[in-house]
Novice: 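One structure is given below, represented as structure tokens, and several questions about it will come after.
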Amino acid sequence: MTRRVLFLCTGNSARSVLAESTLRKWGEGRYESFSAGSQPAGRVNPFAIAQLEREGFPTDGLRSKSWDEFAQDDSSLMDLIVTVCDSAAAESCPVVFGDFVRVHWGLFDPAGVEGSDEQKAEAFDRAHQIIKARLKAFLEIPDSAWGDRQSLKAELEPIAQID
């Protein structure tokens with residue numbers, strides 16, 4: 001059974017896109033991955049695209065889009081929604097409702113880093129390293145855990161602490 005995972009953040013230009021592409025590659029056959037934002041930036045951050053390309057992750061079809069696309073009556077249902085907004089930076093996370101598991105894996109926004117192109121690229125690299133470490137832990141969760149939401153959440157929530 002293929003499960004559908006939606007990564008949500010504010011702008012859908014960096015963190016959620018990095019997560020979508022990474023899970024698309026690593027979870028092929030087990031997971032379908034998507035990303036969206038509550039206030040989409042309208043374009044994927046070029047540093048996110050460069051980071052993914054540098055590491056050999058797919059960038060085809062990546063775009064900044066509203067989570068409204070996934071909230072339509074005819075939208076495919078998600079099994080898991082992961083918010084990646086950074087509440088420590090007082091960033092507002094989207095509020096979502098529905099019949100799915102929801103977990104929060106807060107992460108700093110590399111798109112908000114000021115400085116030289118090199119400093120920005122370093123921020124995207126750091127964010128992607130964290131996302132990859134979290135997704136490696138996610139992929140270790142056995143398929144059998146999906147049968148019990150309480151157990152699944154118990155497996156998912158500690159992943160937020162992985163840096």
Novice: Let me see the working for Val17 and Arg63 under side-chain contact (heavy atoms from CB on, under 4.5 Å), right down to the final yes or no.
Specialist: CA-CA 8 Å; Val17 171; Arg63 61 188 177 88; over 6 Å; no

Novice: Where do Arg43 and Pro46 come nearest, in terms of heavy atoms and distance?
Specialist: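 Residues Arg43 and Pro46, closest heavy atoms: NH1-CD, 2.9 Å.
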
Novice: Quick one: are Asn12 and Lys65 in side-chain contact, heavy atoms under 4.5 Å?
Specialist: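 Yes, side chains in contact.
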
Novice: Taking all heavy atoms of Leu156 and all of Val101, pick out the closest pair and write down the distance.
Specialist: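 Scanning both residues, the minimum pair turns out to be CD1-CG1, 3.8 Å.
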
Novice: Once salt bridge (Lys or Arg N to Asp or Glu O under 4.0 Å) is applied, what residue pairs with a partner in residues 48-60 remain, sequence neighbours excluded?
Specialist: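 Non-adjacent pairs meeting salt bridge (Lys or Arg N to Asp or Glu O under 4.0 Å): Glu55-Lys132.
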
Novice: Going from OG1 on Thr83 to CH2 on Trp67, what distance comes out if it is rounded to the nearest 0.5 angstrom?
Specialist: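 The OG1 atom of Thr83 sits 10.5 Å away from the CH2 atom of Trp67.
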
Novice: Side chain of Ser64, backbone of Pro40: donor and acceptor closer than 3.5 Å?
Specialist: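 No, the answer is negative, given that no donor and acceptor are paired below the 3.5 Å cut-off.
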
Novice: Please round to the nearest 0.5 Å and tell me the distance separating atom OG of Ser35 and atom CG of Leu23.
Specialist: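 The OG atom of Ser35 sits 11.0 Å away from the CG atom of Leu23.
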
Novice: Is it the case that atom CD in Glu28 sees more than 12 heavy atoms from other parts of the structure closer than 6.0 Å?
Specialist: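 Not more than 12 within 6.0 Å, no.
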
Novice: If you measure from CG on Leu135 to CD on Glu140, what distance do you get to the nearest 0.5 Å?
Specialist: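 Here the rounded value is 11.5 Å.
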
Novice: Do the side chains of Leu107 and Ile131 get nearer than 4.5 Å, heavy atoms only?
Specialist: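 SC-SC contact between Ile131 and Leu107 confirmed.
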
Novice: Tell me, do Ser21 and Leu62 make a side-chain contact under 4.5 Å, heavy atoms counted?
Specialist: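 Ser21 vs Leu62: side chains touch.
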
Novice: Please list all pairs meeting salt bridge (Lys or Arg N to Asp or Glu O under 4.0 Å) that have one or both residues in residues 148-163, counting only residues at least two apart or in different chains.
Specialist: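 Matches after skipping sequence neighbours: Asp99-Arg149, Arg134-Asp163, Lys153-Glu157.
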
Novice: Would you say Arg15 and Pro110 make side-chain contact, with heavy atoms under 4.5 Å?
Specialist: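 Touching, per the 4.5 Å side-chain cut-off.
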
Novice: Report the distance from atom CG of Leu8 to atom OG of Ser66, rounding to the nearest 0.5 Å.
Specialist: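 One gets 9.5 Å once the value is rounded to the nearest 0.5 Å.
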
Novice: Anything under 30° is parallel, anything over 60° is perpendicular, the rest tilted; go ahead and classify Trp105 against Phe7.
Specialist: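 Rings of Trp105 and Phe7: tilted, as their planes differ by 30° to 60°.
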
Novice: Can you tell me how far CZ of Phe47 sits from CD of Gln119, rounded to the nearest 0.5 angstrom?
Specialist: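 That separation rounds to 10.5 Å.
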
Novice: Considering non-hydrogen atoms only, spot the tightest contact between Asn45 and Ala111 and give its length.
Specialist: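 Minimum heavy-atom separation between Asn45 and Ala111: ND2-CB, 3.7 Å.
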
Novice: Any non-hydrogen side-chain atom of Glu32 less than 4.5 Å from a side-chain atom of Phe34?
Specialist: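 Yes. Closest side-chain heavy atoms under 4.5 Å.
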
Novice: Classify the ring geometry between Tyr31 and Trp146 as parallel (under 30°), tilted (30 to 60°) or perpendicular (over 60°).
Specialist: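 Rings of Tyr31 and Trp146: tilted, 30 to 60°.
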
Novice: If you define the side chain from C-beta out and look only at heavy atoms, does anything of Phe124 sit under 4.5 Å from Leu18?
Specialist: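 A side-chain contact exists here, since the closest heavy-atom pair is under 4.5 Å.
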
Novice: Closest heavy-atom contact between Ala36 and Phe70?
Specialist: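 Minimum heavy-atom contact is CB-CE1, 3.7 Å.
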
Novice: Check whether any side-chain heavy atom of Val84 sits under 4.5 Å from a side-chain heavy atom of Asp109, and report yes or no.
Specialist: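 They are not in side-chain contact.
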
Novice: Nearest 0.5 Å please: distance from the CZ atom of Arg30 over to the CE atom of Met1.
Specialist: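 Reported to 0.5 Å precision, the distance equals 13.0 Å.
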
Novice: What's the shortest heavy-atom distance between Val44 and Ser13, and which atoms?
Specialist: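 It is CG1-O, 3.7 Å.
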
Novice: Does Lys120 use its side chain to pair, donor to acceptor, with the backbone of Gly112 at less than 3.5 Å?
Specialist: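 Flag not set: sc Lys120 to bb Gly112 has no pair under 3.5 Å.
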
Novice: Mind running side-chain contact (heavy atoms from CB on, under 4.5 Å) on Thr22 and His128 for me, showing each step along the way?
Specialist: CA-CA 9 Å; Thr22 303; His128 197 217; 2.7 Å; yes

Novice: Tell me, do Asp143 and Arg3 make a side-chain contact under 4.5 Å, heavy atoms counted?
Specialist: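 In contact.
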
Novice: Show the nearest heavy-atom pair for residues Phe100 and Leu80, with the distance to one decimal.
Specialist: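 Here Phe100 and Leu80 meet closest at CB-N, 4.3 Å.
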
Novice: Salt bridge between Arg24 and Glu20, side-chain N to carboxylate O under 4.0 Å?
Specialist: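 So Arg24 pairs with Glu20 through a salt bridge.
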
